[in-house]
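Chain letters run A, B, ... following the sequence lines, proteins first and then strands; every chain starts at 1. This one's a predicted model, so the numbers in the text were calculated from it and none came from an experiment.
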Amino acid sequence: MKTQLHQTFNHALSALQDQGIVPADLSPNFKIEHSRDKKFGDFACNLAMTIAKPAKRNPRELAQLIIDNLPADNSIDKLEIAGPGFINIFVKAESQSQIIDDIFAKGKDFGQQPDNGKKLQLEFVSANPTGPLHVGHGRGAAYGAALASLLKAAGWQVTREYYVNDAGRQMDILAASVWLRYLSLCGEPDDTFPSNGYKGDYVWDIAATLHRTEGDKYRHPIADVYSDMPADEPEGGDKELHIDALVNKAKTLLGEVDYKAVFDTGLDTIRDNIRDDLKAFGVEFDNWFSERSLAPQIEHSLKALAEGGHSYEKDGAIWFRSSDYGDEKDRVLVRDNGQGTYFASDIAYHHNKLERGYDKLINIWGADHHGYVPRVNAALQALGADNEKLSVLLVQFAILYRGTEKVQMSTRSGQFVTLKELREEVGSDAARFFYVMRKSEQHMDFDLELAKSQSNDNPVYYIQYAHARIASVMRQLEEKGLEWQRDAADLSLLNSEHEQSLLNHLGRYNETIQKAAAQYEPHQIAYYLKDLATGLHSYYNAHAWLVDEVELRNARLSLILACQQVFQNGLSLLGVSAPEKM
RNA sequence: GCGCCCGUAGCUCAGCUGGAUAGAGUGUUGGCCUCCGAAGCCAAAGGUCGUGAGUUCGAAUCUCGCCGGGCGCGCCA
């Protein structure tokens with residue numbers, strides 16, 4: 001409808017150019033917009049205002065000339081000039097109601113845009129497997145999953161990927177933490193635990209599993225573990241040195257094979273837990289990519305950088321010239337002790353993504369990583385990608401409150417609200433919707449008391465209720481021994497304000513998908529659905545649907561069934577269910 | 001100090017590639033169930049869009065300064 005009107009107005013523009021009223025070389029970027037208020041018609045065109053200056057005429061005068069030169073368009077009912085020079089377009093009721101059959105024809109695929117032939121990879125969550133997901137990860141999960149669905153609907157071929165940080169120091173610290181708990185379960189004295197170790201209960205759980213299945217196989221006297229150990233922080237030492245020494249001691253005492261067994265027990269348990277947790281949250285991935293599997297790729301990527309002249313040696317370390325590509329300074333790839341940095345792994349990972357042939361890469365990261373974005377972009381450019389290839393979308397933290405009290409969160413201290421807890425207390429639907437209602441880069445206050453105790457106030461129920469209400473009316477219809485027939489409907493009877501406004505809203509669904517996808521903003525879908533629900537509820541209260549007149553009843557039912565389909569399609573993008581009853 | 005994000009109604013937030021009288025939810029106040037689900041509807045009240053300049057026909061929206069809040073500035077991950 002919008003594009004059709006745009007063409008019509010373009011014709012008028014060329015006519016004015018032929019008459020020499022408007023400069024011929026002008027190609028103004030004018031818009032046809034949905035009017036914000038019904039009294040401004042269905043659409044508004046700002047063409048007259050955009051050409052006012054080059055044509056040296058006043059916009060209202062030009063608007064009249066445009067209208068005079070508009071070719072016949074039988075979907076247009078009436079045109080008005082308003083305000084500074086808007087042309088308000090009133091569309092005929094019949095052409096508005098076409099959308100209903102459009103929705104019926106496409107069903108679940110209504111809203112699906114044509115395949116754009118491009119492959120996109122979306123990496124999100126990617127939390128370290130050192131503990132269960134907490135509510136902070138939930139936002140990235142909900143946002144990422146919704147964005148993936150949205151981009152798919154916009155015509156992309158989407159791959160969802162989770163990058164598993166299963167290498168590196170934090171994992172070693174987890175392994176050491178598990179082992180120490182395990183030693184306690186074996187009966188070793190446990191009056192001490194490293195201040196920088198992982199203290200959550202889940203570590204005990206993993207240790208218990210290990211002890212149950214393997215008995216005392218990995219037991220060593222605790223005195224041996226703590227001999228020759230640099231002091232921990234509470235004793236006036238350095239907690240980092242202390243924990244690293246403990247990790248090394250674990251490796252020495254256990255030996256390579258046993259250490260790996262303990263390590264893998266921790267990793268596998270937590271990774272599986274994360275996967276199940278996300279699945280229960282309605283978030284699934286196409287690919288789980290292991291950092292450890294990157295080893296050969298790292299060499300390959302470092303070589304590629306070296307051959308391109310993008311790295312150099314200094315102070316015994318190997319550096320990447322990220323400053324050539326807009327980063328503040330160069331970054332270390334390989335430490336003077338010969339170990340690669342996390343950054344080197346990340347370069348290899350992104351290099352690997354490039355080599356997999358995606359047209360577009362999107363990463364969703366916590367906002368605390370924003371300082372890291374320039375160097376990753378620099379690496380991709382050094383490896384030959386253009387700087388539009390990767391978009392890093394930053395998700396701000398949800399600041400947790402219990403009432404007015406801020407909740408401090410730390411994985412290591414084990415003090416956090418898990419995603420699982422949230423899911424079980426407020427429900428997946430409410431949690432998914434709550435997260436995705438906010439723009440991702442907006443700081444968000446997440447009051448647990450509110451989310452838990454007043455979950456009925458969550459707008460998700462408002463939308464679900466609209467959907468269920470339609471289902472309920474259809475049940476009523478059946479109980480009356482009647483059935484809905486599209487052929488018996490006279491859609492031209494849908495001429496009340498409520499009906500016109502609903503039809504108009506349905507007509508915006510496709511462009512809402514396109515706009516939300518282009519801006520990576522699934523919250524636009526949430527707002528769209530909320531508005532549609534408002535329209536539906538108002539309509540319900542203003543008009544009875546199950547009326548006696550056959551043509552009118554079937555027309556109204558056609559309209560609400562079309563709405564129901566859009567509720568289903570939209571909610572499914574957000575990962576929220578559309579219940580028949582509540 | 002430098003960089004990024006944010007500041008809109010009592011509270012939580014939309015609106016931001018410039019457009020008409022700045023919106024919603026919640027909270028407050030008052031109405032609506034002999035009628036398809038009241039988890040709903042209708043109405044009222046509530047705003048110097050942090051602040052000061054600039055750009056122009058027009059600024060919540062763009063530019064700069066300032067104020068306030070969050071985050072980041074490692075051979076950590």
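Spacing between atom NZ of Lys239(A) and atom P of C76(B) amounts to 16 Å, rounded to whole angstrom units. Between the P atom of A77(B) and the CD atom of Glu240(A) lies a distance of 11 Å, rounded to the nearest Å. Look at OH on Tyr372(A): it is 20 Å from P on C4(B), rounded to the nearest Å. What separates OH of Tyr528(A) from C1' of A24(B) is a distance of 17 Å, to the nearest Å. As rounded to whole Å, 19 Å separates atom P of G19(B) from atom CZ of Arg60(A). Taking atom NE2 on His369(A) and atom C1' on G70(B), their separation rounds to 16 Å, with Å as the unit. Distance CG (Asn554(A)) to C1' (C36(B)): 15 Å, rounded to an integer number of Å. To the nearest angstrom, C1' of A24(B) lies 17 Å from CD1 of Ile525(A).
His543(A) comes within contact range of at least one nucleobase, with a heavy-atom separation under 4.0 Å. Among the atoms of the strands shown, base atoms are found under 4.0 Å from some heavy atom of Tyr540(A). Within the 4.0 angstrom heavy-atom criterion, base atoms lie near His370(A). No engagement by Asp166(A) is indicated, since no non-hydrogen atom pair under 4.0 Å with the nucleic acid exists. Looking at heavy-atom distances under 4.0 Å, Lys581(A) makes contact with a base. Residue contacts shown for Ala468(A) include a base, since a base heavy atom lies under 4.0 Å away.
Between His242(A) and Pro194(A) the shortest heavy-atom distance is CD2-CB, 3.8 Å. Shown here for Pro374(A) and Asp327(A), the closest heavy-atom pair between the two residues is CB-OD1, 3.7 Å.
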> What dot-bracket string describes RNA chain B from 5' to 3', counting Watson-Crick and G-U wobble pairs whose defining distances are under 3.5 Å, with [ ] for crossing pairs and | for pairs to another strand?
Replying inline: (((((((..((((.....[...)))).(((((.......))))).....(((((..]....))))))))))))....
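Here the separation of G18(B) from A45(B), taken at their P atoms, is 33 Å to the nearest Å. With both ends at atom P, the span from A24(B) to C42(B) equals 11 Å, rounded to whole Å. When the P atom is compared between C66(B) and C2(B), the two are found 9 Å apart, to the nearest whole Å. Using atom P as the reference point in both A43(B) and G3(B), the two lie 49 Å apart (nearest Å).
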> Does the ring-ring contact (aromatic ring centres under 6.0 Å, His included) test come out yes or no for Tyr143(A) and His523(A), once each step is laid out?
Replying inline: CA-CA 9 Å; Tyr143(A) 174 61; His523(A) 78 273; 9.1 Å; no
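Side-chain proximity of Val473(A) to the nucleotides A20(B), G37(B), C76(B) is greatest for G37(B). Relative to the side chain of Lys439(A), the nucleotides C16(B), C5(B), C41(B) differ in distance, and C16(B) lies closest.
Residue Arg556(A) has no polar side-chain atom (N or O) positioned under 4.0 Å from OP1 or OP2 of C36(B).
Between the side chains of Tyr349(A) and Ser301(A), no donor-acceptor pair is found at a separation under 3.5 Å.
Checked by distance alone, Asp531(A) brings no side-chain donor or acceptor within 3.5 Å of a matching partner on the base of A14(B).
Classification of the Tyr372(A)-His369(A) ring pair by plane angle, with boundaries at 30° and 60°, yields perpendicular. Note on ring orientation: taking the six-membered ring where Trp is involved, the planes of Trp319(A) and Tyr312(A) are parallel (angle under 30°, cut-offs 30° and 60°).
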Please produce a list of atom pairs where a protein N or O lies less than 3.5 Å from an N or O of nucleotides 73-75 of chain B.
residue	atom	partner	partner atom	Å
C75(B)	O3'	Arg335(A)	NH1	3.4
C75(B)	O2	Asp336(A)	N	2.9
C75(B)	O2	Asp336(A)	OD1	3.3
C75(B)	N4	Asp315(A)	O	3.4

Restricting to nitrogen or oxygen on both sides, can you table the protein-nucleotides 55-58 of chain B pairs closer than 3.5 Å?
residue	atom	partner	partner atom	Å
C57(B)	OP1	Lys53(A)	NZ	3.0

All N/O contacts under 3.5 Å from nucleotides 30-35 of chain B to the protein, with atom names and distances to one decimal?
none

Please list, pair by pair, any protein nitrogen or oxygen found under 3.5 Å from a nitrogen or oxygen in nucleotides 42-46 of chain B.
residue	atom	partner	partner atom	Å
C42(B)	OP1	Ser538(A)	OG	2.8

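Between the side chain of Asp172(A) and the backbone N or O of Val247(A) there is no donor-acceptor pair closer than 3.5 Å.
With respect to Glu240(A) and Arg169(A), a salt bridge is recorded, a charged nitrogen being found less than 4.0 Å from a carboxylate O.
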List the atom pairs, donor and acceptor, that lie under 3.5 Å between side-chain atoms in residues 560-568 of chain A and the rest of the protein, sequence neighbours left out.
residue	atom	partner	partner atom	Å
Gln565(A)	NE2	Gly107(A)	O	3.4
Gln565(A)	NE2	Asn569(A)	OD1	2.9
Gln568(A)	NE2	His467(A)	NE2	3.0

